[in-house]
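This report concerns only the one structure given below.
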Amino acid sequence: MNLFTEMRALVISALENMQTEGTLPEGLEFKNVAVEPPRDAAHGDMATNAAMVLAKPAKMKPRDIAEALSAKLTEDDRVITAEVAGPGFLNLRLSPEAWQGIVKVALVNGAEYGQSDMGEGRTANVEYVSANPTGPLHVGHCRGAVFGDALAGLLEYAGYGVTREYWVNDAGAQVDVLARSAYERYREANGLEFVVKEGLYPGDYLVPVGEALKEKFGDGMIDKPESEWLEEFRDYTIDEMLRQIREDLALLNVNMQVWTSERSYYSSGKIEKTLEELKEMGLVYRGVLEPPKGKEPDGWEPREQVLFKATEYGDDVDRPVQKSDGGWTYFAPDLAYHYDKVKRGFDVIIDVFGADHGGYVKRMKAIVAALDHEKRVHFDIKLTQLVKLFKNGEPFKMSKRAGTFITLRDVLEQVGPDVTRFVMLTRRNDAPLDFDFEKVLEQSKDNPVFYVQYAHARVCSVLRKAAEAGIAVDDETLSRADLSQLDHEAELGVAKKLAEWPRLVEIAARSNEPHRVAFYLYDLASELHSLWNRGNDDGSLRFIQEDNVATSQAKIALARAVAVVISAGLGILGVTPAEEMR
RNA sequence: GCACCCAUAGCUCAGCUGGAUAGAGCGCUGCCCUCCGAAGGCAGAGGCCAUAGGUUCGAAUCCUAUUGGGUGCACCA
């Protein structure tokens, strides 16, 4: 239940009513009529722009429409006043009962309060992390992982059937490099000196791999040519890297449903098929690209390649799919993969990339635009900006050579998954994020993670205290409490915030912005803390009222409803709510 | 050179796909602990939303240009 959409429905039906009465002309479009919370609470509880939106098409003055509409709306029990204001806004003030009803709805529906049906059962594919399996995940991957996972959770909550997917770049030159790097560690495990070779991965994370390879092959591969060991070393090392990646993600509570292997595309013929189809559409040709102006790469020379006509769909240049030696470029499997996602029937496809891959957005969009023949798919790409690490306010420089390279696992071991996840979402995805190892663990009001967790824990504390005092506080009982006692403006304020929750979910889901959930939870927590603090001065605002079970239950119901929403919201973000703070 | 992202209080950032007098935290100023949790609370000051145009009833939000910052730019993934 969404009180805002209900009130919008009320406004629409009032407008239709006016049409049948002849006070408003027929044939108007109500699409842009909105009912929103006002920016300033002094303006009332909700505001509608109906009069302003309709004034022009109806050829009427906004105020005339607003006044007629006002008379209609106040006939409803829930609407106390509907005042015309400003350029033609209609400010609604709702009855206390309307807000008290929200508390009950939240308690009855529990974790489902706020769930939306805007997805209407449509399916969404969210691809994220997709880091190359050539090493452990680092903090940069972490943000993408958290963002993608929270976005997936958000879309689920909004009624989509969500697939979480990881694209494994297990093909191409990089994994051969990985195999050669593992080979050097294998030699080392066999007692030979380890030398850092140009172009190989020097990281010591391959040391155990080298040892495992020694277990497997003994010293038999030491002097063998590459052709004898490359394939087996590569497969083993990739598997091992993927195992670690899976493990790290699991520690972060990220669990992918589908892992799609790039290599499988090479053998399946999917790349050829996709290109064949594009060729039939006239979107593939042999040609020579112009060198980029202003910044000519070293050793540039004109070369004939097979190109995808990405410019046809908004890209800046056409993109090579086949190298001059006949091999596929990295772009070719991407083409086939995205076509595959389209063909798998998803209604929504989302790629989550790091900001350093921003240059790929246009070509990816070109792919989907070209291959989504029915123009059915909603395709979006979200970029996550860099994470800057700090320790006690001091910038923390990462360096592989100095051994200060921070892996995802380092972060999780120091900070834990809940804090990590929440902090990563306290900033818009396209804004850089500062992550301070000390500050994120600080237990103070300045730390949003703590602030939200604390609000939840406080409610749990009230429930425990009330139960000790012999007051029944199960949700069933609370939902039947006499909520009309929640008549104080501070209490209604909390209820009003709760009423915004379903609306917030839809806004966040529509824009694919899970950070909005985190900010909302902060605001909601703030409402609860504020009410709590007022209880310090004004005893009648405390949740537990001595010797008055009925009143206590009403007030506790409000608190519990807050906890229900915080819990649901944290659930979307993949964060466990705290029962108590220690 | 081109493309994409960004620019909002002294600082760090929100801002509802165009709504009213632009918000929060930190910092600053002033008050406040006999209290279901003061690891705080309440209040106040603080703004030309980078700049200049445009679109319209209405712009931080959309368009164009400019300035300043980040990222990326064929035969690597």
Side-chain angles (χ1 to χ4, degrees), chain A residues 4 32 34 36-40 42-43 47 49 52-53 55-56 62 85-89 91 132 134 169 171-175 177 262 288-297 299-305 307 315-320 322-325 327 329-331 333-334 354-362 383 385-386 426-428 430-434 442-448 450-451 454 457-458 461-462 464-466 469 500 503-504 506-508 510-511 513 515-516 518-520 522-523 526 529-530 532-539 542-546 552 580-581:
Chain A
F4 289 88
N32 291 325
E36 301 174 311
R39 193 161 285 190
D40 189 339
H43 292 141
N49 61 355
M52 286 180 294
V53 173
K56 206 177 194 179
F89 281 102
N91 289 330
N132 292 341
T134 53
N169 292 113
Q174 58 182 345
V175 285
V177 172
E262 179 184 4
V288 179
L289 288 175
E290 295 285 315
K293 292 196 173 72
K295 187 228 161 203
E296 189 162 312
W300 193 93
E301 54 184 85
R303 225 167 254 170
E304 196 187 58
Q305 307 166 77
L307 299 165
D315 202 353
D316 307 308
V317 291
D318 292 338
R319 302 294 173 180
Q322 204 168 15
K323 297 185 272 188
S324 42
D325 68 4
T329 64
Y330 70 90
F331 182 62
D334 270 331
D356 54 342
H357 285 63
Y360 303 126
V361 170
K362 282 190 179 181
L383 303 177
Q385 264 290 352
L386 304 179
T426 52
R427 206 111 303 175
R428 219 185 327 131
D430 51 6
L433 171 76
D434 292 348
E442 202 174 280
Q443 299 214 338
S444 79
K445 171 176 194 303
D446 309 343
N447 183 353
F450 170 78
Y451 195 66
Y454 187 28
R458 267 184 157 171
S461 161
V462 167
R464 282 192 298 267
K465 282 249 154 81
E500 287 178 28
R503 181 182 137 81
L504 185 281
E506 293 196 353
I507 290 168
R510 199 166 21 238
S511 50
E513 291 181 340
H515 76 274
R516 290 175 189 268
F519 281 94
Y520 169 83
Y522 182 86
D523 286 347
S526 172
H529 289 310
S530 169
W532 184 292
N533 293 327
R534 289 182 71 158
N536 288 336
D537 293 328
D538 179 352
R542 295 186 194 171
F543 295 108
I544 298 173
Q545 297 290 313
E546 296 294 325
S552 296
E580 57 184 337
M581 307 304 290

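Naming convention: chains lettered A, B, ... in sequence-line order (proteins, then strands); numbering from 1 in each chain. No hydrogens, no waters, no symmetry mates; every other heavy atom, side chains included, goes into these values.
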**Q.** B/rC73 OP1/OP2 closer than 4.0 Å to side-chain N/O of A/H357
**A.** no

Q: Starting from C1' on B/rC76, measure out to CD on A/E262 and report it in whole angstrom.
A: 12 Å

Q.
Parallel, tilted or perpendicular: which one describes the rings of A/Y454 and A/H529, with boundaries at 30° and 60°?
A. tilted

Q. Mind telling me whether B/rC6 is syn or anti, cutoff 90° either side of 0?
A. anti

Look for any protein N or O under 3.5 Å of an N or O in nucleotides 30-35 of chain B and output each such pair with its distance, or none.
from: B/rC35; atom 1: O2; to: A/N536; atom 2: O; distance (Å): 2.2

Q: Looking at every strand, decide which applies to A/F543 at a 4.0 Å heavy-atom threshold: base, sugar-phosphate, or nothing.
A: base

Q. When the P atoms of B/rC73 and B/rC13 are considered, how many whole Å apart are they?
A. 26 Å

(Q) Pick the closest RNA chain B nucleotide for A/S324 and for A/M52 by heavy atoms, then say which residue is nearer the 5' end. (A) A/M52

(Q) Taking only the P atom of each, what is the distance from B/rG44 to B/rU51 in whole angstrom? (A) 28 Å

Q.
side chain to side chain contact (heavy atoms under 4.5 Å, CB included) for A/E442 and A/F450? Distances and angles first, verdict last.
A. CA-CA 8 Å; A/E442 202 174 280; A/F450 170 78; over 6 Å; no

Q) Do A/L307 and A/L289 touch side chain to side chain, with heavy atoms closer than 4.5 Å? A) yes

Q: Verify, without hydrogens or angle tests, whether A/S552 (side chain) and A/Q545 (backbone) share a donor-acceptor contact under 3.5 angstrom.
A: yes

(Q) Can you tell me which nucleotide in B/rA20, B/rG72, B/rC36 comes closest to the side chain of A/A85? (A) B/rA20

Q.
Roughly how many Å apart are B/rC26 and B/rU66, using the P atom of each and rounding to a whole number?
A. 41 Å

(Q) Heavy atoms only, 4.0 Å cut-off, all strands: where does A/Q443 land among base, sugar-phosphate and nothing? (A) base

**Q.** Side-chain heavy-atom pair A/L433, A/T426 within 4.5 angstrom cut-off
**A.** yes

Q. Between the side chain of A/Q443 and the main-chain N/O of A/M581, is any donor-acceptor distance below 3.5 Å?
A. no

Q: For the residue pair A/V462 and A/W532, establish whether any side-chain heavy-atom pair is separated by less than 4.5 Å.
A: yes

Q | Side chain of A/K323 - closest among B/rA20, B/rG15, B/rC76 | A | B/rC76

**Q.** Nearest-Å distance once atom P is located in both B/rU55 and B/rA74
**A.** 41 Å

Q: Select from A/H529 and A/L386 the residue whose nearest nucleotide in RNA chain B is closer to the 5' end of that strand.
A: A/H529

Q) Looking at the side chain of A/W532, which of B/rA14, B/rC42, B/rA38 is the nearest nucleotide? A) B/rA38

Q. Which of the following nucleotides, B/rU17, B/rA74, B/rG41, is nearest to the side chain of A/L289?
A. B/rA74

Q) How would RNA chain B look in dot-bracket form, 5' to 3', counting Watson-Crick and G-U wobble pairs with both distances under 3.5 Å and writing | for bases paired to another strand? A) (((((.(..((((.....[...)))).(((((.......))))).....(((((..]....)))))).)))))....

Q: For A/D325, report the nucleic acid contact type (base, sugar-phosphate, nothing); a contact means any heavy atom under 4.0 Å.
A: nothing

Q. Touch check for A/A431, heavy atoms < 4.0 angstrom, all strands: base, sugar-phosphate only, or nothing?
A. sugar-phosphate

Q: Look at all strands and tell whether A/E500 reaches a base, only sugar-phosphate, or nothing, counting heavy atoms closer than 4.0 Å.
A: nothing

Q | Nearest non-hydrogen partners of A/E500 and A/P37, listed with the distance | A | OE2-CB, 4.3 Å

Q: Return the nearest nucleotide to the side chain of A/R427; candidates are B/rC42, B/rU17, B/rU12.
A: B/rU12

Q. Is NZ or CZ of A/R319 both nearer than 6.0 Å to the six-membered ring centre of A/F331 and within 45° of the ring axis?
A. no

**Q.** Interatomic distance, A/Y360 atom OH to A/L383 atom CG [nearest 0.5 angstrom]
**A.** 12.0 Å

Q. Rounding to the closest angstrom, what is the interatomic distance between B/rG23 and B/rG46 at atom P?
A. 13 Å

Q.
Can you tell me which nucleotide in B/rA77, B/rG41, B/rC57 comes closest to the side chain of A/N533?
A. B/rG41

Q) Between A/F519 and A/R427, what is the shortest heavy-atom contact and its length? A) CE1-N, 4.2 Å

Q. Can you check whether A/K445 has a side-chain N or O nearer than 4.0 Å to OP1 or OP2 of B/rA24?
A. no

**Q.** Same-atom distance (C1') from B/rG30 to B/rG70, integer angstrom
**A.** 41 Å

Check nucleotides 3-9 of chain B against the protein and report each pair of N or O atoms closer than 3.5 Å, with its distance, or say if there are none.
from: B/rA3; atom 1: O3'; to: A/K362; atom 2: NZ; distance (Å): 2.9
from: B/rA3; atom 1: O2'; to: A/D316; atom 2: OD2; distance (Å): 3.4
from: B/rA3; atom 1: O2'; to: A/K362; atom 2: NZ; distance (Å): 3.3
from: B/rC6; atom 1: OP1; to: A/D430; atom 2: OD2; distance (Å): 3.2

Q) Is the backbone of A/A34 close enough, under 3.5 Å, to the side chain of A/N49 for a donor and an acceptor to pair up by distance? A) yes

(Q) Under 4.0 Å, counting only non-hydrogen atoms across every strand here, what does A/P432 touch: a base, just sugar-phosphate, or nothing? (A) sugar-phosphate

Q) If you check every side-chain atom of A/K465, which of B/rU12, B/rG15, B/rC36 has the closest atom? A) B/rC36

Q: Determine the interatomic distance between C1' on B/rU12 and the same-named atom on B/rA77; round to the nearest Å.
A: 36 Å

(Q) Over all strands shown, is A/R458 touching base, sugar-phosphate only, or nothing at heavy-atom distances under 4.0 angstrom? (A) sugar-phosphate

**Q.** d(CD, A/E290; P, B/rC2) in whole Å
**A.** 16 Å

(Q) In this structure, how many angstroms lie between the P atom of B/rC13 and the CG atom of A/N447, rounded? (A) 16 Å

Q.
I'd like to check, for A/F89, whether its ring lies over the base of B/rA20 with centroids under 5.5 Å apart and a plane angle smaller than 30°.
A. yes

Q: For the side chain of A/Y522, starting at C-beta, report the closest nucleotide among B/rC42, B/rC16, B/rG25.
A: B/rG25

**Q.** Shortest non-hydrogen contact between A/T134 and A/Q174, atoms and distance
**A.** CG2-O, 4.1 Å

Q | Integer-rounded Å distance: B/rC36 C1' and A/Q545 CD | A | 10 Å

Q. With sugar-phosphate meaning primed atoms plus P, OP1 and OP2, does A/A171 contact a base, only sugar-phosphate, or nothing at under 4.0 Å between heavy atoms?
A. sugar-phosphate

Q. What is the distance from atom OG of A/S461 to atom CD1 of A/I544, rounded to the nearest 0.5 Å?
A. 7.5 Å

Q) What interatomic distance, in whole Å, is found between P of B/rA45 and the corresponding atom of B/rG40? A) 25 Å

Q. CD of A/E304: more than 12 outside heavy atoms within 6.0 angstrom?
A. yes

